[in-house]
Undergrad: 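If you scroll down you'll find the structure; I have some questions about it.
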Amino acid sequence: MEEPKNKEFGDLTTNAAMVLSSQIKKKPMELAEEINKEILSKWKFVESVAIIAPGFINFNLKDKFIFESLSKVFSEDGSYGENKSGTGKKIQIEYVSSNPTGNLHIGHGRWGVMGDVLSNIYEKNGYDVQREYYVNDYGTQAKIFAECVKSLYLKKFGIKISYPQDGYPEATVGTVVEKLYKDYGDKFILNRDELITDDAAIEKNAIDMMLSFIKDTLSSIGVEFDNWFLESSLYENNNFETAIKFLRENGLVYEQENALWFKSTSYGDDKDRVIIRGDGNPTYFASDIMYLMNKKERGFDYLIYILGADHHGYISRLKAIGKSIGMNDDAVSIIIGQLVRLVEGKEVLKMSRRKGKGMTLDDLVKYVGKDAVRYFFSMNSFDTHMDFDLSLAKKKSNQNPVFYVQYAHARIGSIIKKLKEIELDNIGEKEISEIENSSADFCTNSIGNMKKYEFKNNSERNLAWVLSLFPDIVYDACKNNAPYFITQYLYRLSGEFHYFYNHNIIISKNRANIIRLVLAIAAKKVLKNGLDILGISAPEKM
RNA sequence: GCGCCUGUAGCUUAAUUGGAUAGAGCAUUGGACUACGAAUCCACAGGUUGGGGGUUCGAAUCCCUCCAGGCGCGCCA
């Protein structure tokens with residue numbers, strides 16, 4: 001059962017008769033008649049049914065039913081839209097996980113927002129959600145970063161050593177060095193004459209510093225994690241040895257040309273992967289295995305990885321690890337988000353993180369603000385290769401959809417404000433305070449009093465109808481891992497409200513139309529709940 | 001070469017996973033404020049869903065093929 005594309009076909013439609021006809025071996029039209037007689041005609045809230053060739057069943061719901069469904073908006077208030085489908089299930093969502101060797105770029109902003117919103121959605125569906133950031137603080141890249149930092153750090157004291165050839169951009173490293181210099185002075189130089197430095201401390205502090213920059217950036221767009229998981233922690237104690245022993249005992253590895261290989265092809269990967277190199281060092285993939293084993297031990301029912309398209313080669317190997325250690329296939333899902341392309345008008349801007357060029361996430365946030373960043377990054381499916389048009393973002397206000405939604409919310413805020421300014425015959429101070437304090441009494445009583453209510457026009461009815469859909473949207477967004485369902489819904493709701501507002505007078509002279517006022521207040525609540533999921537502010541005035 | 005993702009109006013995109021006349025926004029054009037906020041609303045226009053085949057009652061969606069773009073295919077991380 002679903003909403004028809006075309007509103008003329010009714011409130012709801014189903015193609016069940018056509019889908020089932022081949023299985024039951026009856027003609028779709030006959031089956032549709034039977035479904036109508038046996039089921040629909042017995043439902044109290046159905047107003048009318050129409051059966052249309054080749055077998056669609058369309059029906060309308062009673063106004064009273066739609067209107068009364070709004071009472072849930074008030075009784076549930078901030079939790080309207082939630083459901084309990086995921087109660088008792090633990091899920092972990094890992095996203096961003098950018099190496100702590102440079103600033104976040106715009107793509108990371110997309111994963112950050114998408115991951116955060118998706119986490120919110122799972123929470124609204126009753127799941128116990130953990131948001132995790134995996135920090136690659138172990139291995140070659142961290143070492144190279146540390147060497148870069150060391151080089152610039154020593155330069156501060158007039159000591160010259162060479163800068164690593166494939167090093168990170170000096171501009172990025174420089175910001176870390178400035179902070180280290182300021183906070184620690186010459187603490188990392190143990191003996192200047194013999195040039196003895198505390199390299200371990202430099203590495204650790206440099207990574208920590210970079211990580212704190214990353215945290216600040218993410219915080220600025222409201223992306224917070226429950227857990228920052230250090231790759232290096234995988235190698236503490238005897239974890240590594242224990243893991244390798246486990247793999248050997250279970251026949252998941254073999255030796256060849258002095259290296260240790262993981263039999264990932266046996267589990268669907270397209271090639272086997274090296275875990276321990278010829279020189280005895282573990283590869284990045286060894287960490288992946290231990291990390292997934294660690295996640296499994298922590299007892300999650302579901303794991304979601306959100307990865308950029310440049311990591312899509314990971315799908316089969318991560319799935320392979322999961323299978324090899326006995327996890328269900330559907331317990332590990334990997335969402336691949338397509339990359340963000342920066343566009344300035346018609347010009348495509350080339351991004352190069354390694355060269356330190358291009359716009360960082362920080363720059364973007366400063367440019368367009370948190371709400372716009374979150375809105376833009378949550379309005380598309382993971383699959384769209386989105387273009388972020390800077391010249392559009394620069395314009396900042398006029399054609400920005402986030403304002404459209406926020407404006408709807410603010411407009412209703414000003415209606416409520418208006419109630420106080422005018423003296424009304426049918427609404428007193430008691431009612432106003434109930435409305436203002438978000439007490440449901442006024443609205444639920446009003447709904448209760450309207451036993452036989454029929455909508456005066458389609459704009460009233462459509463608004464109520466869309467409001468009643470919100471819980472389904474929250475559910476579907478979860479089932480489809482689709483944050484943009486929420487964004488799209490809010491845009492639709494806002495449009496419905498603006499239309500409603502322009503075609504109906506809520507307050508005239510000294511009377512308020514109670515039904516319409518209730519509708520507007522309900523819309524405000526649902527807008528607020530939806531914007532909360534997106535992490536976008538819901539202003540009272542703009 | 002192999003693999004993953006994508007191609008829809010001038011631009012950015014949607015289509016409830018195979019349903020009905022492919023919906024929106026921006027831009028363009030015309031209209032609506034001495035009534036609750038005009039950051040809004042209304043109207044008009046814009047399409048051979050990259051091309052071509054196929055599957056069936058029915059295809060933007062599934063299959064094949066070609067074209068175009070993004071990304072990936074290390075004892076790098």
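Every chain is numbered from 1 and lettered A, B, ... according to where its sequence line falls, protein lines coming before strand lines.
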Undergrad: If you define the side chain from C-beta out and look only at heavy atoms, does anything of A:Glu147 sit under 4.5 Å from A:Ile202?
TA: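 In short, these two side chains do not touch, never coming nearer than 4.5 Å.
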
Undergrad: Of all residues at least two apart in sequence or in a different chain, which pass the salt bridge (charged side-chain N to carboxylate O under 4.0 Å, His left out) check with A:Lys319?
TA: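 A:Lys319 satisfies salt bridge (charged side-chain N to carboxylate O under 4.0 Å, His left out) with no residue once adjacent residues are dropped.
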
Undergrad: Under 3.5 Å, is there a donor-acceptor pair between the side chain of A:Ser537 and the main chain of A:Pro539?
TA: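 Not at all, since once roles are kept as given, no pair shorter than 3.5 Å links the two residues.
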
Undergrad: Below 3.5 Å, does any donor atom in the side chain of A:Tyr291 face an acceptor in the base of B:A77, or the other way round?
TA: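 Looking at the base of B:A77, it does not pair with any donor or acceptor on the side chain of A:Tyr291 (distance under 3.5 Å).
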
Undergrad: Mind calculating the distance between CZ (A:Arg277) and P (B:C75) to the nearest angstrom?
TA: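 Rounding to the nearest Å, CZ of A:Arg277 and P of B:C75 are 10 Å apart.
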
Undergrad: Show me the protein contacts with nucleotides 56-59 of chain B, counting only N or O atoms at under 3.5 Å.
TA:
none

Undergrad: If you check every side-chain atom of A:Ile52, which of B:A20, B:U16, B:C71 has the closest atom?
TA: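 Selected nucleotide (nearest to the side chain): B:A20.
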
Undergrad: Determine, for A:Lys27 against A:Glu34, whether the closest basic-nitrogen to carboxylate-oxygen distance falls under 4.0 angstrom.
TA: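 Between A:Glu34 and A:Lys27 there is no salt bridge, as every charged N stays at least 4.0 Å from the carboxylate O atoms.
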
Undergrad: Identify, residue by residue, the members of residues 263-273 of chain A with a heavy atom below 4.0 Å from RNA chain B, and return them in order of residue number, or none.
TA: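 Those residues are A:Lys271.
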
Undergrad: Using the six-membered base ring of B:A20, report whether A:Phe9 stacks on it, requiring centroids under 5.5 Å and planes under 30° apart.
TA: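 So A:Phe9 counts as stacking on the base.
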
Undergrad: List in chain and number order the residues that pass salt bridge (charged side-chain N to carboxylate O under 4.0 Å, His left out) with A:Lys143, two or more places apart in sequence or in another chain; answer none if no residue qualifies.
TA: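 For A:Lys143 the salt bridge (charged side-chain N to carboxylate O under 4.0 Å, His left out) partners, ignoring immediate neighbours, are A:Glu203.
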
Undergrad: Is there any salt bridge (charged side-chain N to carboxylate O under 4.0 Å, His left out) pair reaching into residues 495-505 of chain A, and which pairs are they, with sequence neighbours excluded?
TA: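 Residue pairs with at least one partner in residues 495-505 of chain A: there are none.
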
Undergrad: Quick one: salt bridge (charged side-chain N to carboxylate O under 4.0 Å, His left out) partners of A:Asp199, sequence neighbours excluded?
TA: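 Partners of A:Asp199 by the salt bridge (charged side-chain N to carboxylate O under 4.0 Å, His left out) criterion, ordered by chain and then number, come out as A:Lys150.
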
Undergrad: Please measure how far the C1' atom in B:G53 lies from the corresponding atom in B:A9, and state the result in whole Å.
TA: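 Between the two C1' atoms, the distance is 26 Å.
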
Undergrad: Base, sugar-phosphate alone, or nothing: which one does A:Glu421 contact when heavy atoms must sit under 4.0 Å apart?
TA: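 No contact.
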
Undergrad: What is the distance from CG of A:Leu230 to P of B:A77, rounded to the nearest Å?
TA: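 In whole Å, B:A77 P lies 18 Å from A:Leu230 CG.
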
Undergrad: What residues form a side-chain hydrogen bond (donor to acceptor under 3.5 Å, both in side chains) with A:Asp472, not counting sequence neighbours?
TA: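 Here no residue qualifies.
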
Undergrad: Quick one: is B:C76 close enough that its OP1 or OP2 comes under 4.0 Å of any side-chain N or O from A:Thr140?
TA: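 For B:C76, neither OP1 nor OP2 has a side-chain N or O of A:Thr140 closer than 4.0 Å.
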
Undergrad: Check nucleotides 29-37 of chain B for protein N or O atoms closer than 3.5 Å to its own N or O atoms and list the pairs.
TA:
residue, atom, partner, partner atom, Å
B:C36, O2, A:Ile506, N, 3.3
B:C36, O2, A:Ile507, N, 2.7
B:C36, N3, A:Ile506, N, 3.2
B:C36, N4, A:Tyr501, O, 2.7
B:C36, N4, A:Asn504, O, 2.7
B:G37, OP1, A:Ser414, OG, 2.8
B:G37, O2', A:Tyr407, OH, 2.3
B:G37, O2', A:Arg411, NE, 3.0
B:G37, N7, A:Ser414, OG, 3.0
B:G37, O6, A:Met542, N, 3.1

Undergrad: Categorize A:Ser316 for me: base, sugar-phosphate, or nothing, with a 4.0 angstrom heavy-atom threshold over every strand shown.
TA: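 Counting heavy atoms under 4.0 Å across all strands, no contact is made by A:Ser316.
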
Undergrad: Would you measure the distance from the C1' atom in B:G31 across to the matching atom in B:U48 and give it in whole Å?
TA: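 Here B:G31 and B:U48 have their C1' atoms 33 Å from each other.
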
Undergrad: Show the nearest heavy-atom pair for residues A:Phe497 and A:Ala523, with the distance to one decimal.
TA: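 A:Phe497 and A:Ala523 have their closest heavy atoms at CD1-CB, 4.2 Å.
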
Undergrad: Contact class for A:Pro28 (heavy atom, under 4.0 Å): base, sugar-phosphate, or nothing?
TA: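 Result for A:Pro28 = nothing.
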
Undergrad: What interatomic distance, in whole Å, is found between C1' of B:G51 and the corresponding atom of B:A60?
TA: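 Straight-line distance between the two C1' atoms is 14 Å.
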
Undergrad: Taking A:Leu307's backbone N and O only, do any of them form a donor-acceptor pair with A:His311's side chain (distance below 3.5 Å, no angle check)?
TA: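 Not confirmed, A:His311 side chain does not pair with A:Leu307 backbone.
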
Undergrad: How many Å lie between CD on A:Gln406 and P on B:U40, as a whole number?
TA: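 These atoms are roughly 12 Å apart.
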
Undergrad: Do side-chain atoms of A:Asn15 reach the backbone of A:Met18 as a donor and acceptor pair under 3.5 angstrom?
TA: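 No, A:Asn15 side chain to A:Met18 backbone: no donor-acceptor pair under 3.5 Å.
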
Undergrad: Given atom CG of A:Leu20 and atom C1' of B:G19, what is their separation to the nearest angstrom?
TA: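 Answer to the nearest Å: 15 Å.
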
Undergrad: Going by the side chain to side chain contact (heavy atoms under 4.5 Å, CB included) test, name the single residue among A:Leu118, A:Ile533, A:Leu534 that passes it with A:Pro483.
TA: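 The side chain to side chain contact (heavy atoms under 4.5 Å, CB included) with A:Pro483 is passed solely by A:Leu118 among A:Leu118, A:Ile533, A:Leu534.
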
Undergrad: So A:Arg511, base contact, sugar-phosphate only, or nothing? Heavy-atom distance under 4.0 Å.
TA: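 Result for A:Arg511 = nothing.
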
Undergrad: So, using salt bridge (charged side-chain N to carboxylate O under 4.0 Å, His left out) as the criterion, who are the partners of A:Asp476 when residues are at least two apart?
TA: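 For A:Asp476 there are no salt bridge (charged side-chain N to carboxylate O under 4.0 Å, His left out) partners, ignoring immediate neighbours.
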
Undergrad: Could you work out the separation of B:C42 and B:U49 based on their P atoms and round it to a whole Å?
TA: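 Here B:C42 and B:U49 have their P atoms 28 Å from each other.
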
Undergrad: Can you give one letter per nucleotide of nucleotides 3-9 of chain B, going 5' to 3': B for a protein heavy atom under 4.0 Å from the base, S for sugar-phosphate only, - for none?
TA: BBBS---

Undergrad: B:C75 P sits how many Å from A:Tyr254 OH, rounded?
TA: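 Going from OH in A:Tyr254 over to P in B:C75 covers 11 Å.
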
Undergrad: Of A:Asn58 and A:Ala259, whose closest RNA chain B nucleotide lies nearer the 5' terminus?
TA: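 Nearest-nucleotide comparison on RNA chain B picks A:Asn58.
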
Undergrad: Please tell me if the side chains of A:Ile51 and A:Glu33 come closer than 4.5 Å, counting only heavy atoms from C-beta onward.
TA: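 SC-SC contact between A:Ile51 and A:Glu33 confirmed.
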
Undergrad: Main chain of A:Leu490, side chain of A:Ser494: is a donor-acceptor contact present, judged purely on distance under 3.5 Å?
TA: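 Yes; judged by distance alone, with no hydrogens or angles, the pair exists.
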
Undergrad: Between B:A14 atom P and A:Lys5 atom NZ, what is the distance in whole Å?
TA: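 That distance rounds to 14 Å.
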
Undergrad: Tell me which of A:Glu3 and A:Gly495 sits closer to the 5' end of RNA chain B, going by the nucleotide each one is nearest to.
TA: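 The answer here is A:Glu3.
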
Undergrad: What integer distance in Å separates A:Leu307:CG from B:C71:C1'?
TA: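 So the CG-C1' distance, A:Leu307 to B:C71, works out to 13 Å.
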
Undergrad: For A:Phe285, which of A:Phe262, A:Tyr314, A:Tyr291 qualifies under ring pair (Phe, Tyr, Trp, His ring centres under 6.0 Å)?
TA: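 Per the ring pair (Phe, Tyr, Trp, His ring centres under 6.0 Å) rule, the option paired with A:Phe285 is A:Phe262, out of A:Phe262, A:Tyr314, A:Tyr291.
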
Undergrad: Treating a pair as Watson-Crick (purine N1 to pyrimidine N3 plus N6-O4 or O6-N4) or G-U wobble (N1-O2 and O6-N3) with both distances under 3.5 Å, list the stems of 3 or more consecutive pairs that involve RNA chain B.
TA: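 Result, WC/G-U stems under 3.5 Å: B:1-7 with B:67-73, B:10-13 with B:23-26, B:29-32 with B:40-43, B:50-54 with B:62-66.
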
Undergrad: Does A:Thr13 make a side-chain donor-acceptor contact with the base of B:A20, cut-off 3.5 Å?
TA: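 Side chain to base: pair present.
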
Undergrad: If we ignore hydrogens and angles and just use 3.5 Å, is the side chain of A:Asp272 paired with the main-chain N or O of A:Thr265 as donor and acceptor?
TA: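 Yes, because the side chain of A:Asp272 sits within donor-acceptor range (under 3.5 Å) of the backbone of A:Thr265.
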
Undergrad: Are side-chain heavy atoms of A:Trp465 and A:Asn458 found at a separation under 4.5 Å?
TA: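 SC-SC contact between A:Trp465 and A:Asn458 ruled out.
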
Undergrad: More than 12 heavy atoms of other residues, nucleotides or ligands under 6.0 Å from NZ of A:Lys479: yes or no?
TA: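 It does: A:Lys479 NZ has more than 12 such atoms within range.
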
Undergrad: So that I can tick it off, tell me whether A:Glu3 and A:Arg492 are bridged by a salt bridge, with the cut-off set at under 4.0 angstrom between side-chain N and carboxylate O.
TA: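 Result for this pair is yes, salt bridge flagged.
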
Undergrad: Please state how far atom CZ in A:Phe376 lies from atom P in B:C11, giving the value in whole angstrom units.
TA: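 So the two atoms are 18 Å apart, to the nearest Å.
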
Undergrad: May I ask you to list the residues of residues 480-493 of chain A, by number, that have any heavy atom positioned under 4.0 Å from an atom of RNA chain B?
TA: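 Hits under 4.0 Å, by residue number: A:Asn480, A:Tyr484, A:Gln488, A:Tyr491.
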
Undergrad: Quote, to the nearest angstrom, the C1' distance that separates B:U8 from B:A22.
TA: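 Straight-line distance between the two C1' atoms is 8 Å.
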
Undergrad: Please confirm whether the backbone N or O of A:Tyr133 pairs with a side-chain atom of A:Ser97, one donor and one acceptor, at under 3.5 Å?
TA: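 No, because the side chain of A:Ser97 does not come within donor-acceptor range (under 3.5 Å) of the backbone of A:Tyr133.
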
Undergrad: What integer number of Å spans the P atoms of B:G58 and B:U21?
TA: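 Straight-line distance between the two P atoms is 13 Å.
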
